Amino acid sequence: MTVVHPIARAWITTGGTGAQNYDEFADDAEITAIIEANPHSALGIEMPHRAPGSLGTSFLDALPDSVARLAEAKADGSYTPAEQVVVLYRISAPGEETAYGLFAMVDTDQISTRADEPGLVIRNEDVFIAKVRERVALAEALGHLLSPVLLLQTGSGDELHAALAAATDAAGVPAATDTDQAGRTHAIWLVGPGPEQDALTGLAGGGDLVVADGNHRSLAAQTGGLSRFLAVVTTPASVAIQPYNRLVSELTTTPGELLDRLRAAGAEVEPIDDGPVEVPAAGGTVHLRLAGQGYAVRLPATADARLENLDHALVERLLLRDALGLDPGDKRITYVGGDYPASWLTGEVDAGRAELAVLIAPVTVADFVAVNLAREKMPRKSTWFTPKARGGLVVAELPR
């Protein structure tokens, strides 16, 4: 028996509804601009309080707008229904490796967060509970899931990759295509009941599934009591990990005092005077941009556990918590994914819209998989997978 299943009742985009997921933005104003430019974007349903005309409204108070927008999208033909399907997914762009995935439903009771907790779906990253509560409320209000959890198939990943590539090559004209903000083409094809569907779901569920993107969404499925959640099962060969940086809008001390506190904690701090401040080429050193100056900082290992000495963990503990007194959930910290270049972060500091940028080298896919299979916990917001599974292409209707 596989833990990956067809979508009992799906709503498939006919075009124009695709969107970045709700948590891919460093600035909420970008969400508002996208919804304003494309009212059919799934972001208007996922983030109703950021839609034009709703600014200042709380997320919960804006949920009736989400319900109305989804109903309108289904009524005006933006989505078409399908039953008992899985959906082939291909993401392509010139100069990039083609990525493959499978939209399907996955058993929620397979989620495991500890080594002694059985289950094939491994989630080992800290989350922000307020975001989880919002996802639970959205699912309860809509009765639908628009944004998939991205899962890496680590057991049969090579076989699944080959099968998805062959299936998409033979599938003919896509049911729909969508172009994302980076120019990538997202294409989908429906596969109904039969031997091909059975083979694909078997491969997709053929080993441990590691949550690569969607820790909050997967926990929301558990918290909300959903028996299954919407996922895109992909392969290690289909993804890369980009930097996941930090931007601090307001320091709790002077820049000089911050650097002194880091040195007192054992860090090596050197100015960067020979060019722009970039993401470090390898781990072990992080780069800081303060007003008018960049610094290379080697943070000292201060714990016995290997993961607690990863760059992202050291930044959270030694820089943000100890030196600045900031909790990870502090609103002054923005977690900035790899879609934003180093120049954007340093530009925010140079323009006075932030006071500190922290640039951190990305972890590798191999290291990420190894950490999760060892059932160790990744630091929060430490992996920015690309390409992202697009929201609003395949919508799963939940049983009532």
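These numbers were taken from a predicted model, which means no experiment stands behind them. Throughout, residue positions are numbered sequentially from 1 according to the sequence presented. Just so you know, these numbers use all the heavy atoms, side chains as well, and skip hydrogens, waters and symmetry mates.
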Q) Just by modelled atom types, is the E257 backbone N or O under 3.5 Å from a matching donor or acceptor in the T254 side chain? A) yes
Q | Contacts of R217 that satisfy side chain to side chain donor-acceptor pair (under 3.5 Å) - sequence neighbours left out | A | D23, S147
Q.
Tell me the closest heavy-atom pair linking L318 and P300, and the distance in Å.
A. CD1-O, 3.6 Å
Q. With a 3.5 Å cut-off and no angle check, do the side chains of Q242 and T386 form a donor-acceptor pair?
A. yes
Q: Assess the pair H186 and Y89: is the distance between their ring centroids shorter than 6.0 Å?
A: yes
Q) Distance-only, no hydrogens or angles: does the Q153 side chain make a donor-acceptor pair with backbone N or O of G207 under 3.5 Å? A) yes
Q: Run the numbers on L200 and E196 for side-chain contact (heavy atoms from CB on, under 4.5 Å), then give the verdict.
A: CA-CA 6 Å; L200 290 170; E196 182 181 24; 4.0 Å; yes
Q) Can you name the nearest heavy-atom pair linking T2 to T201, along with the distance? A) OG1-O, 2.9 Å
Q. Which pair of non-hydrogen atoms, one from L203 and one from A163, has the smallest distance, and what is that distance?
A. CD1-CB, 3.6 Å
Q. Taking atom NE2 of H49 as the centre, does the number of heavy atoms from other residues, nucleotides or ligands within less than 6.0 Å exceed 12?
A. yes
Q) Is T364 close to F368 at the side-chain level, that is, under 4.5 Å between some pair of heavy atoms? A) no
Q. Between R390 and Q20, is a side-chain contact (heavy atoms from CB on, under 4.5 Å) present by the stated rule, with each step listed?
A. CA-CA 6 Å; R390 198 113 164 109; Q20 294 164 264; 3.8 Å; yes
Q. Between V279 and P243, which heavy-atom pair has the shortest distance, and what is it?
A. CG1-CG, 3.8 Å
Q: Give a yes or no on whether M378 and L152 share a hydrophobic cluster (residues Ile, Leu, Val, Met, Phe, Trp, Tyr; joining criterion: side-chain heavy atoms under 4.5 Å apart).
A: yes
Q | Over 12 foreign heavy atoms within 6.0 Å of CD, E96 | A | yes
Q.
Let's go through S112 and V121 carefully: what are the C-alpha distance in whole Å and the side-chain angles of both, what is the deciding distance for side-chain contact (heavy atoms from CB on, under 4.5 Å) to 0.1 Å, and is it a yes or a no?
A. CA-CA 6 Å; S112 170; V121 179; over 6 Å; no
Q.
V136 and side-chain contact (heavy atoms from CB on, under 4.5 Å): which single residue from T223, L226, L219 fits?
A. T223
Q: Please confirm whether the backbone N or O of L251 pairs with a side-chain atom of E355, one donor and one acceptor, at under 3.5 Å?
A: yes
Q) More than 12 foreign heavy atoms under 6.0 Å from CD of Q293: is that the case here? A) yes
Q) Are R123 and E117 close enough, and set up right, to give a salt bridge (charged side-chain N to carboxylate O under 4.0 Å, His left out), and what steps lead you there? A) CA-CA 11 Å; R123 185 185 67 239; E117 184 177 20; over 6 Å; no
Q. Would a 4.5 Å heavy-atom cut-off, applied to side chains only, mark H5 and V106 as touching?
A. no
Q. Taking all non-hydrogen atoms of both residues, which atom of T383 and which atom of A212 are closest, and how far apart?
A. OG1-O, 4.3 Å
Q. Atom CD1 in I91, atom OG1 in T98: separation rounded to 0.5 Å?
A. 10.0 Å
**Q.** Joint cluster assignment, I12 & L146, ILVMFWY side-chain distance < 4.5 Å
**A.** no
Q | Close side-chain approach of P64 to V67, heavy-atom, < 4.5 Å | A | no
**Q.** Exercise: identify the closest heavy-atom pair between V86 and A104
**A.** CG1-CB, 4.2 Å
Q | Close side-chain approach of L247 and I333, heavy atoms under 4.5 Å | A | no
Q) Are F103 and I45 linked, directly or through other ILVMFWY residues, by side chains that come within less than 4.5 angstrom of each other? A) no
(Q) Using a 3.5 Å distance criterion without hydrogens, assess whether the side chain of W189 forms a donor-acceptor pair with backbone atoms of T168. (A) no
**Q.** Under 3.5 Å donor-acceptor, E348 side chain and A354 backbone
**A.** no
Q) E24 and N21: side-chain donor and acceptor closer than 3.5 Å? A) yes
Q: Report the distance from atom CZ of R69 to atom CG of L43, rounding to the nearest 0.5 Å.
A: 10.5 Å
(Q) Could you measure the distance from the CG atom of L63 to the OG1 atom of T57? Nearest 0.5 Å is fine. (A) 11.0 Å
(Q) Using side-chain hydrogen bond (donor to acceptor under 3.5 Å, both in side chains), reason through R90 and T185 one step at a time and then give a plain yes or no. (A) CA-CA 8 Å; R90 185 183 69 198; T185 298; over 6 Å; no
(Q) Could you check whether any side-chain N or O of D311 sits under 3.5 Å from a backbone N or O of A361, counting only pairs where one atom can act as donor and the other as acceptor? (A) no
Q | Donor-acceptor under 3.5 Å (E397 side chain, A10 main chain) | A | no
(Q) Working to the nearest 0.5 angstrom, can you tell me the gap between Y295 OH and D273 CG? (A) 8.5 Å
Q) Roughly how far apart are D178 CG and R184 CZ, rounded to 0.5 Å? A) 12.5 Å
Q: Return yes when atom CG of D158 has more than 12 non-hydrogen atoms of other residues, nucleotides or ligands closer than 6.0 Å, and no otherwise.
A: no
Q. Under 4.5 Å between any side-chain heavy atoms of V191 and V85, yes or no?
A. no
Q.
Within the structure provided, determine whether V149 and V232 are in side-chain contact (heavy-atom separation under 4.5 Å).
A. no
Q. Taking side chain as C-beta onward, heavy atoms only, is V277 less than 4.5 Å from L359?
A. yes
Q: Check T13, T17, T14 against Y79 for a side chain to side chain donor-acceptor pair (under 3.5 Å) and give me the one that passes.
A: T17
Q) Does R289 pair with D350 as a salt bridge, N-O distance under 4.0 Å? A) yes
(Q) Are V371 and V210 connected into the same hydrophobic cluster when the rule is that any two of I, L, V, M, F, W, Y join if their side-chain heavy atoms are below 4.5 Å apart? (A) yes
Q: For S41 and N38, run side-chain hydrogen bond (donor to acceptor under 3.5 Å, both in side chains): C-alpha distance rounded to whole Å, both residues' side-chain angles, the deciding distance at 0.1 Å, then the answer.
A: CA-CA 6 Å; S41 166; N38 178 18; 4.8 Å; no
Q) Is E270 reaching over with its side chain to a backbone N or O of R298, donor-acceptor style, under 3.5 angstrom? A) no
Q. Centre of W384's six-membered ring, under 6.0 Å away, within 45 degrees of the axis: is that where NZ or CZ of K388 sits?
A. yes
Q.
As an exercise, state the distance from OG1 of T32 to CZ of R50, rounded to the nearest 0.5 Å.
A. 7.0 Å
**Q.** F128 six-ring centre to R380 NZ/CZ under 6.0 Å and within 45° of normal
**A.** yes
(Q) Tell me if a side-chain donor or acceptor on E72 pairs with a main-chain N or O of K74 at a distance below 3.5 Å. (A) no
**Q.** Donor-acceptor under 3.5 Å (S238 side chain, T234 main chain)
**A.** no
Q. So if you build clusters from Ile, Leu, Val, Met, Phe, Trp, Tyr with side-chain heavy-atom gaps below 4.5 Å, do V349 and L290 land together?
A. no
(Q) Are the side chains of E46 and R135 in contact, using a 4.5 Å heavy-atom criterion? (A) yes
Q: Please check if any side-chain donor atom of T235 sits under 3.5 Å from a side-chain acceptor atom of H161, or the reverse.
A: yes
(Q) Using side-chain contact (heavy atoms from CB on, under 4.5 Å), reason through I122 and L373 one step at a time and then give a plain yes or no. (A) CA-CA 8 Å; I122 300 173; L373 293 182; 4.0 Å; yes
